[in-house]
There are 2 protein chains.
Amino acid sequence: MTSIILIGILLSMNESSRKAAPSVSMPANQKVPTLSDVARCAGVSYATADRVINERGNVAEKSVRKVHQAMMNLGYVRNVAAANLSRQRTYRLAFLLPQGQNAFFNHMRQHIDGVIEHLLAEQVTVDVIEVAAFDVAGLIQCLNSIAEKTYDGIAVVGLQSDLVEEPLTRLKNSGASVVSLVSDLPKQCRSAYVGINNVAAGRTAARLIGVSHGGLPGVVQVLVGSLQAQDHSDRLKGFQEVLTRDYPQLTLLEPVTTRDDDEAVQAAMQRALTELQDEPEVSAVYNVGAGNSGLVEALTQYEKPQRFFCVAHELVPHSREALLNQHIDVVIDQCPDIEVNRALTLLKALIDARDLPPMLEIVPTVYVQDNLPSSAQLTLSN
Amino acid sequence: MTSIILIGILLSMNESSRKAAPSVSMPANQKVPTLSDVARCAGVSYATADRVINERGNVAEKSVRKVHQAMMNLGYVRNVAAANLSRQRTYRLAFLLPQGQNAFFNHMRQHIDGVIEHLLAEQVTVDVIEVAAFDVAGLIQCLNSIAEKTYDGIAVVGLQSDLVEEPLTRLKNSGASVVSLVSDLPKQCRSAYVGINNVAAGRTAARLIGVSHGGLPGVVQVLVGSLQAQDHSDRLKGFQEVLTRDYPQLTLLEPVTTRDDDEAVQAAMQRALTELQDEPEVSAVYNVGAGNSGLVEALTQYEKPQRFFCVAHELVPHSREALLNQHIDVVIDQCPDIEVNRALTLLKALIDARDLPPMLEIVPTVYVQDNLPSSAQLTLSN
DNA sequence: ATTAAAATGATTGACGTCAATCATTTCTGT
DNA sequence: ACAGAAATGATTGACGTCAATCATTTTAAT
């Protein structure tokens, strides 16, 4: 017995000194320790080590400590491949996206489709489920229709309503993890929010419009889809905050509500572009919501004032073209691809009850005509 | 025999119709098919199916076809967890980063350290190796010092020199995959480049500086680290292109070379900020390279002209603070975190000889004071 | 000292794939 | 028809973990 303990100590000293400089100058050809190694190093049986790491109980305090110590010393990390294989873990995920022809969500759907087959190799299945757009009742119905126990994780384009709490709690109790996507749910309903900070997006729009006037006075028109929508009102809030604080020489007109409708956006733009007797000339427009095709339509038909600056949201084919045509100057995007990837990573981590790899906030991305990604996707050259 | 074939056909019809709508309305609770299922469906033995998918040869054309057909029909995807477990695959990676106190690479190193332990669970080990900065001889020496066969994949901050071709070819022949990071290698030396388009970055800087003048005339000073560096000269090229084409009312001064040295940058900035008799007042500065702390130092000491716009590169603590202080107006960043993740994903895919999940180009990111990520990292609220 | 409870050890069969061996069958060409 | 080559089948032991069973030892309570 004594000799075994001695070996354990020697091993642990050896191992801990090896671990000292993990990322520099030490070649990475060390054998990765297994749970058997840990057990041996801790001086306990495999069964006990297993009881410890899987928290099966019925193990003495000092054994727990010995095993934990051994794990530290050896730098043991559970082999997730083996673990998932053994417990036949599959990740059954669902994305609940608003239905309809919305270009942004179309793009998102497309990206999900693109990654589905690659995820299959990691035992991840993804269903994309269409939900009535921006409709609390529809969302609740959909949540209820998801039979309990069918999904391990769900990403939902959220709505701010207390009514969704009950069905979501039910899902959660049935073992599903929930993250909100693009638009947040009530905080207690989800484990994480994957989306941009929309107040920051609005502030950014204001900053760029402010800067674009080069200190000269101007008149700014904002178009919003709906002030009921959390993201829209957040953006407006951030926008107003920065514009009034930092650019007092700019006049902010009352926002026009468009219900994200192309024609309404077009009409509003026409009004803004048409010089009227008693109305000042608009020098900048910020379209908070969707309906960019109407916006572009109006910009194509009517002549812009000499100095005119236009900011819109979401990089989609329409807005992309408008950037290149100089009809729109800036597009603020939330990078749906990255959001989808984040949601997937998060859900997997939640399901495994693992802790997360470090990752930064998703930031509202500023596109001008000059830093557009090529529309083609990456491929390997070799 | 006939009956077996019949069953195969029936199965395949059933399966292919199930596959028709992969992402809508079909619950994801299907059992994932294994290679045994494929073999059964193809009417061959497991051994033959194995010979096919692992290309071991000695298998008849028609068996190959049957197996492929069965794979299609069942939607078979190799279980990478099981495969990697079985073949004891480990990914031994190395990142070759320039040594020194550079804030950008410090950040990158930090991020790598952060993900290392999470990668360990997937049998990925990463060594960070320091290389003499921007020194072809040093890089070559380092490449040679990496003993053959030690690494499966390498990410290198590249240099444009034909001299690196030989050691890299040697590494490649020894079985290592190579990607270039941040700065490209000669194309034939690497399988992919992970970094931003620096011409686009320069164009973006020009666009924002152009916009910031609101149509008014101005004088623009560019600071470059070294025109030898590919990224710097690319940025300058893009900058000049857009500024001269789209903003003819702006005067572009001769670029000042700073060797990325803080003091040199500071001196150049002082010159720019000091109003001289026969020199025009500078209205905008674009710092193409590093040395932002010198830039900020000068901006703190000297009074800026009323209308002054400053664009710099890389979001690091210094530049972040300067954004918030309004000393710098825009920071163009290459998102080192994302670059690292991409490099890791790419290397793993290359090593597995898998095809890539779809991913978009990495785009030069525009930061203003309003869309900065919180410096803290994401955590789960759950 | 006895007994029950708690802790530990030892072992086993999955999980899906890989990589190998060996026996058997089916094709070639003559 | 026959030898030799080519193709196929059948089987096996890893890989590291999980989840279980059963036997044995140690500990605590009386």
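What you see is a predicted model, and the numbers here were worked out from it, not measured in a lab. So you know, we letter chains A, B, ... as the sequences are listed, proteins then strands, and number each from 1.
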Using a heavy-atom cut-off of under 4.0 Å over every strand shown, decide if [X] touches base, sugar-phosphate, or nothing.
X	answer
A/Asn54	sugar-phosphate
A/Ala47	base
A/Val44	sugar-phosphate
A/Leu85	base
A/Arg56	base

Side-chain touch A/Lys172/A/Gln188, heavy atoms, less than 4.5 angstrom = no
key: Any A/Asn341 side-chain heavy atom under 4.5 Å of B/Met359 side chain   = no
remark   = Rounding to the nearest 10°, end axes of the helix from C/dA1-D/dT30 to C/dT30-D/dA1 built from five pairs each make an angle of 10°
key: Heavy-atom pair with the smallest gap, counting every atom of A/Tyr151 and A/Ile146   = CD1-CG2, 3.2 Å
ask   = Roughly how many Å is it from CD in A/Glu61 to C1' in C/dA6, rounded to a whole number?
value = 14 Å
note = CD1 (A/Ile154) and CG (A/Leu347) are apart, to the nearest 0.5 Å, by 9.0 Å
ask   = Can a salt bridge be assigned to the pair B/Asp352 and B/Arg89 using a cut-off of 4.0 Å between side-chain N and carboxylate O?
value = yes
request  = Check salt bridge (Lys or Arg N to Asp or Glu O under 4.0 Å) between A/Glu166 and all other residues, then give those that pass, not counting sequence neighbours.
outcome  = A/Arg170
query = What are the 5'-most and 3'-most nucleotides of DNA chain D lying under 4.0 Å from any heavy atom of chain B?
reply = D/dA7 to D/dG16
ask   = Which residue, B/Ala82 or B/Arg51, contacts DNA chain C at a nucleotide closer to its 5' end, judged by nearest heavy atom?
value = B/Ala82
request  = Tell me, please, which residues at least two apart from B/Ile112 pass side-chain contact (heavy atoms from CB on, under 4.5 Å).
outcome  = B/Phe95, B/Leu97, B/Met108, B/Ile116, B/Val126, B/Val128, B/Val340
remark   = The side-chain contact (heavy atoms from CB on, under 4.5 Å) partners of A/Ala70 (sequence neighbours excluded) come to A/Val38, A/Cys41, A/Ala42
request  = Can you sort out the partners of B/Ser86 under side-chain hydrogen bond (donor to acceptor under 3.5 Å, both in side chains), two or more places apart, ordered by chain and number?
outcome  = none
note = Assign each of B/Ser45 and A/Leu35 the nucleotide of DNA chain D bearing its closest heavy atom; nearer the 5' end lies the nucleotide of B/Ser45
